[in-house]
Amino acid sequence: MSKKYNPRDISWLSFNGRVLQEAADPSVPLAMRIKFLGIFSNNLDEFFRVRVAGLKRASEIKDKAAMSSFFDDPSVILEEVHNIVVRQQKKFDQIWKNVRKEMAKQNTFIASADELNDEQINFVKKYYSDKVESNIIPLLLDDVRPMPYLRDKSLYLGIAMKKSQWLYETKFAIIELPTRIVGRFLIVPSQRKNDKVVVLLEDVIKVNLPHIFSYFGFDEFHAHAFKISKDADFDLDNDVNTSLVEKITKAVKNRRKGKPTRFVFDKNMDTNLVEFLIKKLNLSKKDSIIPGQKIHNFKHFMDFPDVFKAYTKPAERTSFDHPAFVEGQRITDVITQKDVLLSFPYHTFDPVIDLLREAAMDPDVKSIRVTIYRMATNSKIANALINASRNGKEVIVMVELRARFDEEHNLEWKDRFEMEGIQVLLGIPNKKVHAKLCVIKKRANGKTIQYGFVSTGNINEKTAALYGDYCVMTSDRRIMADINKVFNALEKPKGDLDSYLSSCKHLLVCPTAMRNKLMIYIDKEIAEVNAGRKGHMIIKVNSLSDKDLIKKLYEAASAGVVIDLIVRGIYCAVNQKRFKQPIHAISIVDEYLEHARVMYFYNGGKEDIYISSADWMTRNLDHRIEAAIHISDQGIKKQLKDMLSIQLKDNVKARILDETLSNQYVEDEQESYRSQLKIHQYLKEAT
């Protein structure tokens, strides 16, 4: 009997395996390979903090409803997760070993504490004294003291210490590495002119252990790195007397109390210290206790120093101006005349920033309303909004405080915005606002003009340089009317949400209309093939895990509808024998993160296309405010369709998605076709 679905979490691990493939690929630039190793590690950390934690809770409470969302028994999935993670970690270690060899060919070395010469040791000691020491808090451990609080995003040194005359007694201590303050990497002097020697922060501290613990007179130190992952999920209580901001603040603090879900440590760590930490952390054999290599928290390697041979970024990896904005015209003047599709990161993000800057300075602009999910640290978007408020505009910003792992960051922005006179909306109870929307209103010559944009990605200049996303800039009155309806719902969260959102006619909005409309579109394709005509759909999303939509896709495949899927991450569908037309599904993992969501339906030749903020996941469709814009401009429609076709031809970075989750590369008889490079060429030629 063939399986009906790929379990979501196993599919996610398969996606992270594709990231690991990029790190292993010798054709990928060395700095990028190191970055992919960092991305893999960071992804896995978040997976344990959220998904593994959820699996453990579900397996403990034996809740049938919770179990159904995992497509399988959580305890069975947990065991498979452990086996896959162990296999992937072995691959990771081998890839890192190979990468180190490539680094050596470029005269770049990572030196441990015991490999440093006298000059380097003195350099490290001075660096420690000048930059690090004030941020070091050594904590002694014993059976009497309670275990200190350990942060789940931090890296620690576990230290076993003793005096040479002691035969058996050993003292334990831990030190949290202050990577957020001083960074992880230090470049030290080298005896050979062309060598670049990098020392990790943990080795900087190891060199200075005799100084740190000089009071005790220890003369033997064995220090090894470890980290823990904690349950990062949290439930907002139903106390109606507690504001959402207070709940979020409380929940962020409660993460300190999160139960550890993984303990990863240097396999050479003192065995007595390992046992002591396992005991103090209340870990059991059911928990993920993983002996590993020397280096942990590899996520920091996403920011590895730029020490390699000069690497000239190829033209295909540089952003360029959209042709609609190269004549020096104001962004506002262009988009009030025609719709424009920005394709990031091929096109620069500047028009979005400039649009808001223009609005801030335009005396005719009366208001700006925009949604914020994740913002850059030094955000030019925020600067433009603050500028608009100071210039007397009404600025209303929907800040999603529940953006996972960005809660503290967004709380800070909320306070800053309010200090500047900006009205901050906090969304709908129990529903995240994930839609990417903006509407600007101006009054000129006795007329009200509205314009703005709908995007698939965050309004964030940093991620726009790395994520493949689409943004439609428009003054279409129908679209602006629907965006205003969404904001009306957000401004009056105690009102009738459904009545506001259901009245949208030209945006597909979650949680009220998108799922049903998608079902209707798929039913139309089924009806077409049943009538002997063409039925075809192309769906590009980050994740496909919603069981109802998967069942509807199965129904369409059984009828003979041609289904092309481009799914970067989670993919829970599988082909079945009853399908007249097997589902064709690929995943593209390349230098840019594929983040755009696009939906194409042949629809009897009408060819309806949407771009959307929503993935085909239950959380997006039923528990978030999301928006998809119907593309009416024929030129933009053709561009989107062409770019989908380009991606479906990829035979370099595309992997086959199927029930085996084996990440086999697409292979055909055609010449090499790398979609991200081809899309750059396609858009560049459009200029």
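Residues that satisfy the side-chain contact (heavy atoms from CB on, under 4.5 Å) test with Gln581, not counting sequence neighbours, are Val562. Applying the side-chain contact (heavy atoms from CB on, under 4.5 Å) rule to Asp523 yields the partners Ile526, Lys552, Glu555; only residues at least two apart in sequence or on another chain are considered. Applying the side-chain contact (heavy atoms from CB on, under 4.5 Å) test to Ser558 and every residue at least two apart in sequence or in another chain returns Arg578, Phe579. Residues passing the ring pair (Phe, Tyr, Trp, His ring centres under 6.0 Å) test with His300: none are found, sequence neighbours excluded. For Pro148, the side-chain contact (heavy atoms from CB on, under 4.5 Å) criterion is met by Leu139, Leu141, Ile174, not counting sequence neighbours.
No donor-acceptor pair under 3.5 Å is formed between the side chain of Asn297 and the backbone N or O of Lys299. Without hydrogens or angle criteria, Thr371 side chain to Ala435 main chain gives a donor-acceptor distance under 3.5 Å.
In this structure, Trp96 has its ring center closer than 6.0 angstrom to the ring center of Phe301. Between His296 and Phe226, the ring center distance fails the sub-6.0 Å criterion. Aromatic ring centroids of Tyr521 and Tyr610 lie under 6.0 Å apart. Aromatic rings from Phe185 and Phe304 are positioned such that their centres are separated by under 6.0 Å.
When only modelled atom types and interatomic distance are considered, Glu79 and Asn83 share no side-chain donor-acceptor pair under 3.5 Å. For the 3.5 Å distance criterion, the side chains of His224 and Asn268 fail to qualify, holding no donor opposite an acceptor.
Taking all atoms of both residues into account, the shortest heavy-atom contact from Leu55 to Pro74 is O-CB, 3.6 Å.
Both tests pass for Lys547 against the ring of Tyr5: distance under 6.0 Å to the centre and angle within 45° of the axis.
Listed by first and then second residue, the salt bridge (Lys or Arg N to Asp or Glu O under 4.0 Å) pairs involving residues 138-148 are Asp142-Arg145, Asp143-Lys279 (not counting sequence neighbours).
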